[in-house]
Asker: 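First, the structure itself, so that you have it in front of you.
Throughout, a chain's letter reflects where its sequence line sits, starting with A, and its residues are numbered from 1. Here the structure is a predicted model, which is why all the values come from computation and not from measurement.
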Amino acid sequence: MGEIGIAQVVLMGLITVFVVLICLIIIIKLMGAIMSKAAPATPAEAVPAAAPAPAAAPVATGNKQQMVAAIAVAIAEEMGTDVSHIRIHSIKRV
Amino acid sequence: MGEIGIAQVVLMGLITVFVVLICLIIIIKLMGAIMSKAAPATPAEAVPAAAPAPAAAPVATGNKQQMVAAIAVAIAEEMGTDVSHIRIHSIKRV
Amino acid sequence: MGEIGIAQVVLMGLITVFVVLICLIIIIKLMGAIMSKAAPATPAEAVPAAAPAPAAAPVATGNKQQMVAAIAVAIAEEMGTDVSHIRIHSIKRV
Amino acid sequence: MEAIVNFLKSTGFYLVSENPLSLIMLVVACVLLYLAIVKKFEPMLLLPIAFGMLLTNLPGAGIYHAELFEGGHVHWEMFASGVPLANGGTEAVGLIDVLYLGVKLGVYPCLIFVGVGCMTDFGPLIANPKSLLLGAAAQLGIFVTYIGATLLGFTPEQASSIGIIGGADGPTAIFVTSKLAPELLGPIAVAAYSYMALVPVIQPPIMKALTTKKERMIQMKQLREVSKTEKILFPIVVTIFVSLMLPSAASLIGALMLGNLMRESGVVERLNKTAQNELMNTVTIFLGISVGATATAANFLNVQTLSILALGVIAFGFGTAGGVLLAKFMNLFLKDKINPLIGSAGVSAVPMAARVSQVVGQKENPRNFLLMHAMGPNVAGVIGSAVAAGVFLALFGS
Amino acid sequence: MEAIVNFLKSTGFYLVSENPLSLIMLVVACVLLYLAIVKKFEPMLLLPIAFGMLLTNLPGAGIYHAELFEGGHVHWEMFASGVPLANGGTEAVGLIDVLYLGVKLGVYPCLIFVGVGCMTDFGPLIANPKSLLLGAAAQLGIFVTYIGATLLGFTPEQASSIGIIGGADGPTAIFVTSKLAPELLGPIAVAAYSYMALVPVIQPPIMKALTTKKERMIQMKQLREVSKTEKILFPIVVTIFVSLMLPSAASLIGALMLGNLMRESGVVERLNKTAQNELMNTVTIFLGISVGATATAANFLNVQTLSILALGVIAFGFGTAGGVLLAKFMNLFLKDKINPLIGSAGVSAVPMAARVSQVVGQKENPRNFLLMHAMGPNVAGVIGSAVAAGVFLALFGS
Amino acid sequence: MEAIVNFLKSTGFYLVSENPLSLIMLVVACVLLYLAIVKKFEPMLLLPIAFGMLLTNLPGAGIYHAELFEGGHVHWEMFASGVPLANGGTEAVGLIDVLYLGVKLGVYPCLIFVGVGCMTDFGPLIANPKSLLLGAAAQLGIFVTYIGATLLGFTPEQASSIGIIGGADGPTAIFVTSKLAPELLGPIAVAAYSYMALVPVIQPPIMKALTTKKERMIQMKQLREVSKTEKILFPIVVTIFVSLMLPSAASLIGALMLGNLMRESGVVERLNKTAQNELMNTVTIFLGISVGATATAANFLNVQTLSILALGVIAFGFGTAGGVLLAKFMNLFLKDKINPLIGSAGVSAVPMAARVSQVVGQKENPRNFLLMHAMGPNVAGVIGSAVAAGVFLALFGS
Ligand code: NA
Ligand code: NA
Ligand code: NA
């Protein structure tokens, strides 16, 4: 782009950064406004991307409460540690 | 490097290997000497790279027997499968 | 391969697919016949590629308390180290 | 002042005004993201494909340059010196240009097939080798679609690539298309993965239309157990035999069976795990965004794409019908009847199509468990499509 | 006898006598290893960088050849036939020559950004979009440094690369530098990662100097909860909007947001995990040693490097000040006051800078929890730096 | 009709009739698969190698084309435009063509060495540096084999590559061979990994023949504890010193020590894990099938291969003897006697050879625990072989 002064670069840079980020503010606010109208906010915390808790539910039968707790904790934390894909196929009483 | 005889290659090779490795002996001994002077040896075993031991405490309470079974199964499978995919096919009362 | 009609392509394609897969049927049957002659079938289910179950057995016996500690440490480390390397640094009586 | 004008002229908003079709492509990409995320249409591939489509259609972004691969060749000199621009300058190659090399050189689909092989249990197929006939019959859709595409004016190379959609195997479709008709990669990949996700919608009506209630209630004998030795020999024997019959299918079959051998041999568990997890995931990301990136407005927004989407449904439909009908035909001769519902699983789309057989069967007869029986034709269909792909590559490959 | 002499002449000890500066570089590499291992200065990158620096400065080792990338081009023919030596022979390409291709073609920084996106929660930013202003203001350091570097005689391309150090984002700095001033990759990477590690030392005095005790004690309202839908839409919307505004920022923003979409969509968990773990770790190793390898004695041991190290501090300092001062300015108009300490987090250096805000804030007011509030400007700073990078690439990119 | 004839002529069965030797190679590949799977001979590498050998010998499959790498160069133009065929057409590059680039450019062996470094504990070597002498003596096999190979008519480059089999380090052997005599990659890799698996068969008779019962019963003093600092300094110091002494060994030693530094530093645990798991596994698969693919009938089915297999045993045997004999010689001067059984571990083949020392020792004296003492020479052997490799590369490298 040929000759371009220091001041021009700095001004153009700062202005661009501010303009782009201010536009993003507006976009986010619009998005939030539409969301809150469209639906009564379902908070992300209540629907986390990976929700290990429900997996415990079917297990929570019988009098094995503590065992269930232990397994659930171990598994849940295990899931937290990156290793992936826990499947409890069945827990049988003998 | 043009013509080079078999004997030359073999001699040069063996000599180089021995010289380099003998120098390494000297270097390691020097390093050890400096270390032992610099500080009263902190053995590696005492300062393991990653020592998460404290996390064990909260687990070691509560109803032992059932927890043992649950956790033992979890560990066993973990060890067997090495990286991922924990599947509890069945848990039997001990 | 120059000019080749639609019908030719379709016929050749379907015939090839069927011929190849029918040959595979014959090969599999032959293989099965040889197997059943060679040895009294050792079912795959009985010798799974990765059989972690036995590992649980030795764990489920003996002095419970120390085992809890040991296992708890193992789990804790497992959690801390994310993927592999189970190292039991110490097993203390609780 | 002039600088500012230049700057504004370089924004995407200005460039969009020159190429407004890319806006439509952005909408298409967002629709695909919606299908992937909300409708859960094969998200593992559709999400990266859709994002690649989005990135490639951002005017001026320069993340993918089709010029680098024009004429079926890789233009290394441009990788070295940059891509020439209209204004005489050059632009550095972008991220997806580099990633696309793996598609162009046929590496990604093969590596994904190694991972698929690691995850596939051919046991049900070995236990019931007749399944292979159903897996063969379900390739009918491929060839019917080939006819249709040719009649619609596609070249034989393009018609082959479109036909392979009916194989319901993403990697096979992408492998063939990248060799024979790379200009159609975008629409074919989108069609293949979308219809795979739609298998539970497309198949049941066809399955019900072609079978009687009595047929759907047929219960099948339990499968025999398969020895470990057979499972280990299977991938070796199949690789050798199929590759000798049809050398052009060797890459796909070889990759699939290498993975399966790593699985069944049990002696390379570390490699098996990496191949089916991290390696496959990495390649899936790279493959998805690269394939998506070929879907530029020029390549995607034309009547061809609509034809491909229409032909794709035909492919899945005829494949389903082929499998079901051959099962009915086989029942004329068999003592132990086959439930024709497992025939539809021959289109592959592993394991979705097998589950559809199970669900449809259980609706008629709640005690009917067809899943394992359907897994036979299901995995046979993968081999069948690879063979069909080999035929096309042998006939039309350069 | 002659053979022995030849052999001795080929040892590094002899070669060192011809190029004693490489010894100094070995010392520098060891100092960096010390900082990485003992002082824990961003060891994930500084350790590989330092080791790459060590390898490249071993005379005669031939692990990296700058000639392969001279003139901004990749010389494929040398990859094929070896690198010509002074004595007329050729030498095979080395390990880092191959790995460096990923830097040269801009692949590694983008892939790392995919991983960063997978690990970044933009929730606090969406909950409090005003954070973006602080993230913008903290880019002040970039432009102040640009001025300084230009006045010191650096070319505009070099000055831009040096300025981006102030963005406190490693991948962004390396991406821009590899495009605009690859000869400065070594010192710029070292400066960027060292100062990121020094954020807890550089920032607090500036933060305290520019704020009153009362300001530092301001408590902020708890952030609202952000819906999953907003989190999913965010990466898509930002990619499209920013890329249309500034196409040259599309690669970085697109890669970051692809990763974030993989995270937030929740439907591609396998891909998300691989992208942020194994893929990112692999690329980090390759990137680190490649970047380190560019730091040869000729490139590193000159007054430029000292200038860059000095300018780097200026960049971080002015960035910190910019964020803090804008927060104070905004407080003139806001009813719910912002604690200006969170402004400094706008330089990114995620999540270190946010933690600094928390620590400094808690020292004045033990019940003050600024961490989540500081995460907003913190992640906004990543976007801000990518935008600033886009401006430089648009102005000075080939 | 003609089409069908053409089609039949393209099948592998027809092509086999023109090149029946490939059938023999398929049998060889199956034998190797048997050794890998049933006999568990180093399956991690032998299984991929054998499968690569199988794929490359399927006539017409076109998965690997030796022409792409003819004359020691990489022919990029063929990667771009396809491989010319006899009939004037071209064929697209295959999967293994692309994967082989990593061997050709020397990347895979180095990356595997990074992983090996991550898994190696040099503690026993640091605790007992005398081990290095045993690790040096065990390289005797390399040079004896070099003499033998030269006398059998091999070129010095080939003889070097064959000799390195005696180093009992797969990556080192493959690195040297890919640089000096790529045409021998197949047989050398097969020999190296087979004999490594056969260490428990080859070594014990030699060890017993060269030692007295009394010597085998020697108990050694427990090793001192090694400080963390020493373990961290070791890889840095070794890299610098060995690379300055012998620049041509820098790639191998540098890669090994980078991995070891990542392990011992403890500050880059994520990188350490990926390098020794997923990265290493991926590279192992790619390396194995690429190396196997070079074993075409023309390259493998000749008297050279038999010579190489014979020379390989000689290499292992003399290496074992060298280590044992030097230990005995050292005992003439030492107060604390060395058990000469640990000398054999100097051939590397980590950790198999060390286990052999332990087993043979315990047979004479059940309370004798030699494993940790044998680990010293064992890991020293890895350094020793890399140094020997460096000598050959310095003398005969282009
Ligand atoms: Na199929
Ligand atoms: Na920033
Ligand atoms: Na060795």
Asker: Please round to the nearest 0.5 Å and tell me the distance separating atom CD1 of F:Ile126 and atom NZ of B:Lys29.
Answerer: 13.5 Å

Asker: How about F:Ile142 and B:Leu14: do any of their side-chain heavy atoms sit closer than 4.5 Å?
Answerer: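 No - every pair of side-chain heavy atoms lies 4.5 Å or more apart.
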
Asker: Looking only at heavy atoms, which two atoms of F:Val391 and B:Gly13 are closest? And how far apart?
Answerer: CG1-CA, 3.8 Å

Asker: Quick one: what part of F:Ala137 sits under 4.5 Å from any heavy atom of chain B, side chain, backbone, both or neither?
Answerer: both

Asker: Would you indicate whether the side-chain heavy atoms of B:Leu24 and F:Val238 approach each other to under 4.5 Å?
Answerer: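 Heavy-atom side-chain distance check passes, below 4.5 Å.
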
Asker: For F:Phe234, which atoms come within 4.5 Å of any heavy atom of chain B: side chain, backbone, both, or neither?
Answerer: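 It is both, since atoms from each part get that close.
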
Asker: I'd like to know whether F:Met245 forms a side chain to side chain contact (heavy atoms under 4.5 Å, CB included) with B:Val19, so could you lay out the CA-CA distance, the side-chain angles of the two residues, the decisive distance to 0.1 Å, and finally the verdict.
Answerer: CA-CA 10 Å; F:Met245 283 290 279; B:Val19 168; 3.7 Å; yes

Asker: Among residues at least two apart in sequence or on other chains, which ones pass salt bridge (charged side-chain N to carboxylate O under 4.0 Å, His left out) with F:Lys328?
Answerer: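 Listed in chain order: F:Glu215.
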
Asker: Under the side chain to side chain contact (heavy atoms under 4.5 Å, CB included) criterion, do F:Leu395 and B:Met12 qualify, and how do the steps go?
Answerer: CA-CA 10 Å; F:Leu395 292 174; B:Met12 200 175 286; 4.1 Å; yes

Asker: Find out whether B:Met31 and F:Thr229 are in side-chain contact, i.e. whether some heavy atom of one side chain is under 4.5 Å from a heavy atom of the other.
Answerer: no

Asker: Minimum heavy-atom separation for F:Glu230 to B:Gly32, with atom names?
Answerer: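 Distance-wise, the nearest heavy atoms are OE2-CA, 3.4 Å.
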
Asker: CZ of F:Phe318: more than 12 outside heavy atoms within 6.0 angstrom?
Answerer: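 It does not: F:Phe318 CZ has 12 such atoms or fewer within range.
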
Asker: From the options B:Val17, B:Val20, B:Ile25, select the one residue that forms a side-chain contact (heavy atoms from CB on, under 4.5 Å) with F:Leu132.
Answerer: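 Running side-chain contact (heavy atoms from CB on, under 4.5 Å) over B:Val17, B:Val20, B:Ile25 with F:Leu132 returns exactly one hit, B:Ile25.
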
Asker: Using 0.5 Å steps for rounding, measure from the OG1 atom of F:Thr150 to the CD1 atom of B:Ile6.
Answerer: 4.5 Å

Asker: Given heavy-atom pairs under 4.5 angstrom as the criterion, report whether the side chain, backbone, both or neither of B:Ile22 touches chain F.
Answerer: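 Just the side chain, heavy atoms under 4.5 Å.
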
Asker: Quick one: what part of F:Leu134 sits under 4.5 Å from any heavy atom of chain B, side chain, backbone, both or neither?
Answerer: neither

Asker: In Å and rounded to the nearest 0.5 Å, what is the CG to CD1 distance from F:Leu233 to B:Ile28?
Answerer: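 It comes to 11.5 Å.
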
Asker: Under a 4.5 Å cutoff for heavy-atom pairs, which residue among B:Thr16, B:Val9, B:Val10 has the most contacts with chain F?
Answerer: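 Of the candidates given, the most pairs with chain F belong to B:Val9.
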
Asker: Tell me the closest heavy-atom pair linking F:Gly384 and B:Leu21, and the distance in Å.
Answerer: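 Nearest heavy atoms, F:Gly384 then B:Leu21: CA-CD2, 4.0 Å.
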
